[in-house]
*Asks:* 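Dumping the structure here so I can ask a few things about it.
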2 protein chains.
Amino acid sequence: MSAGSEGRRTTLADVAARAGVDRSVISRVLSGDSRLLIRDETRQRVLDAVRELGYRPNAAARTLRTQRTGTLGLLIPDYANPVYAEIIKGAETVAAERDCVLLTGSADADRGLGSYLDLLGQGRVDGLLLAGEMASKEALDGLTADGLPWLLVNRTMRGEARHVVLDDERAAGLAVRHLVELGHTEIAHLAGPSSSNTAQRRARGYRAALREHGLEVPSSLTARTDYSADGGYRAMFQLLDAQTRPTAVFVANLASAIGALHALRTQGVDAPGAMSVIAVHDLPLVEHISPALTTVRMPLRELGRRGVELLSDLGPNDTVKEVVTGPMDVVVRESTAPPR
Amino acid sequence: MSAGSEGRRTTLADVAARAGVDRSVISRVLSGDSRLLIRDETRQRVLDAVRELGYRPNAAARTLRTQRTGTLGLLIPDYANPVYAEIIKGAETVAAERDCVLLTGSADADRGLGSYLDLLGQGRVDGLLLAGEMASKEALDGLTADGLPWLLVNRTMRGEARHVVLDDERAAGLAVRHLVELGHTEIAHLAGPSSSNTAQRRARGYRAALREHGLEVPSSLTARTDYSADGGYRAMFQLLDAQTRPTAVFVANLASAIGALHALRTQGVDAPGAMSVIAVHDLPLVEHISPALTTVRMPLRELGRRGVELLSDLGPNDTVKEVVTGPMDVVVRESTAPPR
DNA sequence: GACTATAAGGCAATCGTTTGATCTCCACCA
DNA sequence: TGGTGGAGATCAAACGATTGCCTTATAGTC
């Protein structure tokens with residue numbers, strides 16, 4: 001609208017001049033300072049000036065003064081993984097509720113936490129959520145030394161007591177129980193990478209559940225995938241070659257399960273007739289593949305929510321270990337059935 | 001390491017004191033000011049002090065002074081859509097090359113561009129990439145008035161000449177040509193939502209290609225999906241009910257194609273035997289579904305790359321309309337074949 | 001020996017907000 | 001008349017980095 005307003009953005013000084021008061025008055029009115037004594041008429045003049053000039057506080061100046069940015073960072077390893085999409089959504093929702101922006105970025109083996117922080121510099125975020133495996137212990141200590149609160153999301157780390165995770169062991173337990181209840185006794189596990197924290201917990205939960213149900217835990221019934229569809233495809237072949245072929249498989253993630261189903265088709269193994277498949281996580285999409293996947297739905301949004309909630313109340317030296325207690329359930333579709 | 005360094009972060013003043021020089025010297029050394037005259041010995045003292053104290057410039061202070069943040073923002077409608085994952089990856093890569101951080105956030109119908117900017121305040125990013133349909137014309141004008149450069153990514157907008165897009169019409173053309181070359185003449189289109197810019201361009205490309213190949217363009221051969229698998233599922237049923245059943249369908253996106261394949265299975269229509277299916281975009285996953293999808297692979301990363309490149313050289317009043325020229329090809333898999 | 005040029009840094013204003021401390025009325029009370 | 005006590009603002013010092021302009025030395029010149 002205001003053509004010619006090129007060049008300089010409106011500052012407090014502009015608004016103050018327009019309203020005929022001091023800058024500090026504007027600032028206090030806008031921040032809702034309750035100790036401010038001001039006539040209604042003046043307050044109105046201030047608000048009018050703010051609106052007419054379209055004033056918006058300068059983030060850098062405010063941050064410099066208050067040492068707060070109103071911003072949280074979230075680092076994830078890979079945008080293509082739908083698991084993180086859900087976590088981000090949950091996190092953004094709470095952040096917005098708290099008038100705070102969530103800024104997401106990705107880091108991985110090459111471009112790790114360190115280089116990300118070098119770019120970010122100091123004082124660009126008030127806290128950092130770290131989802132996934134990109135952070136080393138040293139990097140985390142560096143954050144603590146800088147006085148920046150951080151929180152691991154969906155992973156734990158030895159020696160660090162700052163994380164929020166899902167109950168992956170219980171998820172594995174639910175999956176196994178579902179298979180056991182169908183009558184399976186030869187239950188295999190298509191596990192995620194041993195470097196992955198969630199994969200470890202799911203594998204542990206799988207073994208614990210088998211024992212709990214009085215079943216043996218032969219290591220030949222576990223194969224590894226890198227959490228990709230290709231990985232699942234290859235790993236399934238491995239399982240099919242085992243001396244005793246399982247009748248069901250608990251797969252650590254969705255993508256691998258899709259690869260696994262492909263392998264079964266390729267080998268002419270009917271699913272679920274000759275092999276039941278159940279996987280961790282759920283997406284609308286799996287309803288539409290064949291056979292529709294039975295899954296364990298995880299409270300990923302809740303995980304993101306809790307991440308932000310915990311982080312924003314977290315001092316640089318506090319500690320927290322939380323397991324999100326959101327609903328978790330087996331969504332039974334077509335890929336699981338009683339053994340033949 | 002330095003226990004007790006609690007409380008205050010190191011500032012230029014600390015480093016200056018340690019090196020025994022003025023703050024300005026530190027600043028100039030670090031910024032590589034070529035006009036600075038300094039003895040090697042002094043320079044070394046400065047660098048040592050910087051390292052020993054682990055100094056990192058305060059982003060807010062620097063931004064306040066220079067009016068630059070070293071940061072670009074990217075707004076997307078939905079993290080769950082793998083299309084955006086690819087765009088983000090491309091964008092982050094270039095941003096990193098240019099020593100600049102890309103901060104991604106999501107906005108949609110409810111939480112639109114406006115509320116996002118209210119949270120961000122002024123001066124938190126040097127420019128904004130807007131992927132998807134969340135921005136209104138007024139909001140864009142607001143950005144321009146604020147002096148913030150912005151660029152639409154993967155969409156155009158009437159009356160605004162600031163976008164970078166893919167050649168969706170050509171993608172549609174390639175898909176249709178592939179089907180025509182297989183011998184199809186009854187080619188349907190499973191189109192995206194009419195509100196979507198890409199959907200419009202793909203539909204236009206589809207019709208143009210049909211005409212180009214001398215085929216008719218009956219409107220009964222187009223059905224609409226909302227770009228979801230469910231939407232594709234329902235839309236495919238519509239197509240199957242048409243008076244003349246097509247022998248091939250060009251689907252506007254992957255998720256819908258997966259739903260469409262499901263619908264075909266449900267109805268006992270063999271794909272590709274009785275119905276060929278080709279979709280826009282490619283993912284490792286589609287290799288593993290049955291039948292493996294034939295797709296048109298789009299240069300999404302390149303789109304993200306160009307977005308950042310263009311934006312960082314863009315003044316608030318410049319204009320740019322670019323069609324990314326990256327490679328685009330039909331990946332032939334199992335879901336397309338000659339008509340019976 | 002006075003003068004100039006250059007090398008090597010120092011000074012201080014500035015960016016825009018926030019916030020504790022201060023100031024100026026004016027009414028009211030003794 | 002002098003003093004007190006708000007009400008309703010204003011003042012000014014930060015926050016930390018950048019950058020145009022100054023100030024010292026020292027070396028070199030006539």
Side-chain angles (χ1 to χ4, degrees), chain A residues 7-47 49-50 53-71 120-124 126 146-147, chain B residues 7-47 49-50 53-71 120-124 126 146-147:
Chain A
R8 256 191 1 87
R9 329 233 251 219
T10 2
T11 73
L12 265 191
D14 301 329
V15 185
R18 172 113 180 189
V21 297
D22 189 80
R23 303 200 303 280
S24 60
V25 176
I26 316 279
S27 173
R28 288 186 235 251
V29 166
L30 289 182
S31 69
D33 183 339
S34 58
R35 295 176 311 176
L36 173 66
L37 298 169
I38 192 176
R39 269 176 303 192
D40 279 356
E41 178 217 349
T42 313
R43 174 189 302 275
Q44 200 50 55
R45 273 212 323 281
V46 166
L47 293 176
V50 164
L53 296 178
Y55 169 73
R56 241 183 328 220
N58 179 299
R62 171 177 281 178
T63 295
L64 181 58
R65 176 67 227 243
T66 62
Q67 309 285 44
R68 291 201 57 254
T69 66
T71 293
L120 271 184
Q122 281 194 334
R124 194 106 64 173
D126 294 331
D146 279 0
Chain B
R8 256 191 2 86
R9 330 233 252 218
T10 15
T11 73
L12 263 192
D14 301 329
V15 185
R18 172 113 180 190
V21 297
D22 190 81
R23 305 200 302 278
S24 61
V25 177
I26 315 281
S27 173
R28 288 187 234 250
V29 165
L30 290 181
S31 69
D33 183 340
S34 60
R35 296 175 311 176
L36 173 65
L37 299 168
I38 192 175
R39 270 176 302 192
D40 280 356
E41 177 215 348
T42 312
R43 176 190 299 276
Q44 199 51 54
R45 271 209 327 278
V46 167
L47 294 175
V50 165
L53 296 178
Y55 169 73
R56 239 183 327 222
N58 178 299
R62 171 177 284 178
T63 295
L64 182 58
R65 177 66 228 245
T66 61
Q67 309 285 40
R68 291 201 57 255
T69 66
T71 293
L120 271 184
Q122 280 195 334
R124 193 106 65 173
D126 294 332
D146 279 0

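Convention: sequence-line order gives letters A, B, ...; per-chain numbering from 1.
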*Asks:* On DNA chain D, compare the nucleotides closest to A:Arg23 and A:Asp40; which residue's is nearer the 5' end?
*Replies:* A:Asp40
*Asks:* For the pair made of CD1 in A:Ile38 and P in D:dA7, what is the distance, rounded to whole Å?
*Replies:* 14 Å
*Asks:* Closer to the 5' end of DNA chain C via nearest nucleotide, is it A:Thr10 or B:Val25?
*Replies:* B:Val25
*Asks:* CD1 of B:Ile26 versus P of C:dG9: gap in Å, rounded?
*Replies:* 11 Å
*Asks:* Does any donor-acceptor pair link the side chain of A:Thr11 with the base of C:dC15 at a separation under 3.5 Å?
*Replies:* no
*Asks:* Measuring to OP1 and OP2 of C:dA7, would you say a side-chain N or O of B:Arg39 lies under 4.0 angstrom away?
*Replies:* no
*Asks:* Just to be sure I understand the rule, does B:Thr63 reach a base, reach only the sugar-phosphate, or reach nothing, if contact means heavy atoms closer than 4.0 Å?
*Replies:* nothing
*Asks:* Verify the contact: side-chain N or O of A:Ser24 to OP1 or OP2 of D:dC11, cut-off strictly under 4.0 Å; return yes or no.
*Replies:* no
*Asks:* Could you check if a side-chain atom of A:Thr11 sits within less than 4.5 angstrom of a side-chain atom of A:Asn58, using non-hydrogen atoms only?
*Replies:* no
*Asks:* Return the minimal non-hydrogen interatomic distance between A:Val25 and A:Val21, and the atom names on each side.
*Replies:* CB-CG2, 4.0 Å
*Asks:* Heavy atoms under 4.0 Å, any strand shown: does A:Thr42 hit a base, just sugar-phosphate, or nothing?
*Replies:* sugar-phosphate
*Asks:* Expressed as a whole number of angstroms, how long is the span from B:Arg35:CZ to D:dC22:P?
*Replies:* 14 Å
*Asks:* CG of A:Asp14 versus P of C:dT17: gap in Å, rounded?
*Replies:* 9 Å
*Asks:* Under 4.0 Å from OP1 or OP2 of C:dG16: is there any side-chain N or O of A:Tyr55 that close?
*Replies:* no
*Asks:* Yes or no on side chain to side chain donor-acceptor pair (under 3.5 Å) for A:Ser31 and A:Asp33, after CA distance, side-chain angles and deciding distance?
*Replies:* CA-CA 6 Å; A:Ser31 69; A:Asp33 183 339; 5.3 Å; no
*Asks:* Looking only at N and O atoms, is any donor in the side chain of B:Arg28 or the base of C:dG10 less than 3.5 Å from an acceptor on the other one?
*Replies:* yes
*Asks:* In whole Å, I'd like the distance from the CG atom of A:Asp33 to the P atom of C:dA21.
*Replies:* 14 Å
*Asks:* Please state how far atom CG in A:Leu37 lies from atom C1' in D:dT10, giving the value in whole angstrom units.
*Replies:* 14 Å
*Asks:* Taking CG from B:Leu64 and P from D:dA17, how many angstroms apart are they, rounded to a whole number?
*Replies:* 12 Å
*Asks:* Please determine if a side-chain N or O atom of B:Gln67 lies less than 4.0 Å away from the OP1 or OP2 oxygen of C:dT14.
*Replies:* no
*Asks:* Between A:Asp146 and B:Arg56, is any pair of side-chain heavy atoms under 4.5 Å apart?
*Replies:* yes
*Asks:* Distance check needed: C:dG9 P versus B:Asp22 CG, whole Å only.
*Replies:* 11 Å
*Asks:* Under 3.5 Å, is there a donor-acceptor pair between the side chain of A:Arg23 and the main chain of A:Ala16?
*Replies:* no
